[in-house]
**Student:** 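Pasting a structure here, questions to come.
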Amino acid sequence: MTILLPGAAGYIGSHTAIALVQAGYDVAIVDDFSNASPEAVRRCEELTGKKMPLYEADVADKAAMEKIFDEVKPAAVIHFAGFKAVGESVAKPLKYYRNNLDTTLTLLECMAEAGCKAFIFSSSATVYGARAAVPYTEESETGGCTNPYGWTKFMIEQIAAGAAKADPDMSVVLLRYFNPVGAHPSGRIGENPSGIPNNLMPYITQVAVGRLPQLSVFGDDYPTPDGTGVRDYIHVMDLAEGHVKALEYALGHKGTEVFNLGTGHGVSVLELVHAFERASGVKIPYRIAPRRAGDLAEVYADPSKAERVLGWKATRTVEEMCADSWRWQSNNPNGY
Ligand code: UD1
């Protein structure tokens, strides 16, 4: 059974491709390499010993995608293709709406034409916006997003759920990720942001490896135990395994289901910095900087629905997240 993975040359998709192959699925990947490298897929093949057919195409390109659907005949689609830089989405909103919505519409149209009924989407905790109180459950209020990136996730959830409502044979699973960090334990694949990282863990690892001089901690006056922002960091391999469970669920059900993929534990910026220092043995120079616009004090999941319904639970510790992020970055100081 072949699963089509648009955008799986990227960080979360590449780790998920490995978990799927290890669970016995065949995968085929489509990527335009606008923010990813074919080397990631080559390394996934090396790690699994299995071929992963790789198509270079823009996922919004209907003609190209129709050909790929014809060739691959996927049983399901797990959609990772999208732009994801929050700051850039504020500066270039149309680019974000155009790309993230068009890729999704093309995929759903191709699925309808090909009779492919299972769609799993990389959504984000960002859809909860600033309205809900932690811990977020899947019933917490969504909307009120603070940037166009977040709105694209919110809109794509509506689009996919609408498609499933119109076609009673269709299954849609919306996965709301919290903060993915870590890397495959081999250190061969990992997060490889282009330019200066926006997210905390890749920033820390690039300081550790000497590519950046110091970390700015955005605010130490939040109403949290040490004043710094609290997030639910989840190991990317736990997240990848969550996709395997979500796929099994989608193949056996109809309609739309939403799952939070998080650990349920909040960790502050400074706790993560110190855990990383212990795991790597490298001191991270940092300074306290002003709050970053749009940041919330605390974001963490209630992940109990995924455990109850999917039989999935994150098991890896913050120490493993740091050790694996460090192994990837120190073995690949300049990425792929
Ligand atoms: C961000 C996005 C979120 C997106 C996610 C993808 C915002 C407001 N949210 O989540 O929509 O889904 O990335 O991974 O941008 N921090 C520092 N210094 C840094 C970087 C971050 O102190 O150099 C702090 C932040 O203030 C925050 C925490 O680290 O408290 C995590 O930040 P980050 O990794 O950017 O993730 P989020 O903001 O939670």
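These values consider heavy atoms only, across backbone and side chains, with no hydrogens, waters or symmetry-generated copies.
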**Student:** Compute whether any side-chain donor of one residue and acceptor of the other, for R292 and N198, lie under 3.5 angstrom apart.
**Tutor:**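 No.
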**Student:** Is the distance from the ring center of H243 to that of F259 below 6.0 Å?
**Tutor:** no
**Student:** Should the ring pair H79 and F119 be called parallel, tilted or perpendicular, given that the plane angle runs from 0 to 90° and is split at 30 and 60?
**Tutor:**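 Ring orientation of H79 relative to F119: tilted.
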**Student:** Decide whether N260 and Y128 meet the rule of one side-chain donor and one side-chain acceptor closer than 3.5 Å.
**Tutor:** yes
**Student:** Ignoring hydrogens and geometry beyond distance, is a side-chain donor-acceptor pair present between N100 and T152 at under 3.5 Å?
**Tutor:**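 Yes - a donor-acceptor pair under 3.5 Å links their side chains.
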**Student:** For the residue pair D324 / H184, report whether a side-chain donor-acceptor contact shorter than 3.5 Å exists.
**Tutor:** no
**Student:** Would you please say whether a donor-acceptor pair under 3.5 Å links the side chains of S216 and Y286?
**Tutor:** no
**Student:** Quick one: does any side-chain atom of S37 pair with a main-chain N or O of E39 as donor and acceptor, under 3.5 Å?
**Tutor:** yes
**Student:** Could you tell me whether the side chains of T228 and D220 share a donor-acceptor contact shorter than 3.5 Å?
**Tutor:**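 The answer is no; no qualifying pair exists.
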**Student:** Take the angle between the ring planes of Y136 and F178 and call it parallel below 30°, perpendicular above 60°, tilted in between.
**Tutor:**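 The arrangement is tilted - the two ring planes meet at 30° to 60°.
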**Student:** Determine the minimum heavy-atom distance between L212 and P197, stating which atoms define it.
**Tutor:**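 That would be CD1-CD, 3.9 Å.
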**Student:** Output yes when E138 and R176 qualify as a salt bridge under the 4.0 Å nitrogen-oxygen rule, no when they do not.
**Tutor:** no
**Student:** If you look only at distance, which donor and acceptor atoms sit under 3.5 Å apart when one is on a side chain in residues 4-14 and the other is two or more places apart or in another chain?
**Tutor:**
{"unit_1": "Y11", "atom_1": "OH", "unit_2": "V181", "atom_2": "O", "d": "3.2"}
{"unit_1": "Y11", "atom_1": "OH", "unit_2": "G182", "atom_2": "N", "d": "3.4"}
{"unit_1": "Y11", "atom_1": "OH", "unit_2": "G182", "atom_2": "O", "d": "2.7"}
{"unit_1": "S14", "atom_1": "OG", "unit_2": "G10", "atom_2": "O", "d": "2.7"}
{"unit_1": "S14", "atom_1": "OG", "unit_2": "Y11", "atom_2": "O", "d": "3.0"}

**Student:** Using the ring pair (Phe, Tyr, Trp, His ring centres under 6.0 Å) rule, pick out the option among Y149, W151, F83 that qualifies with Y96.
**Tutor:** F83
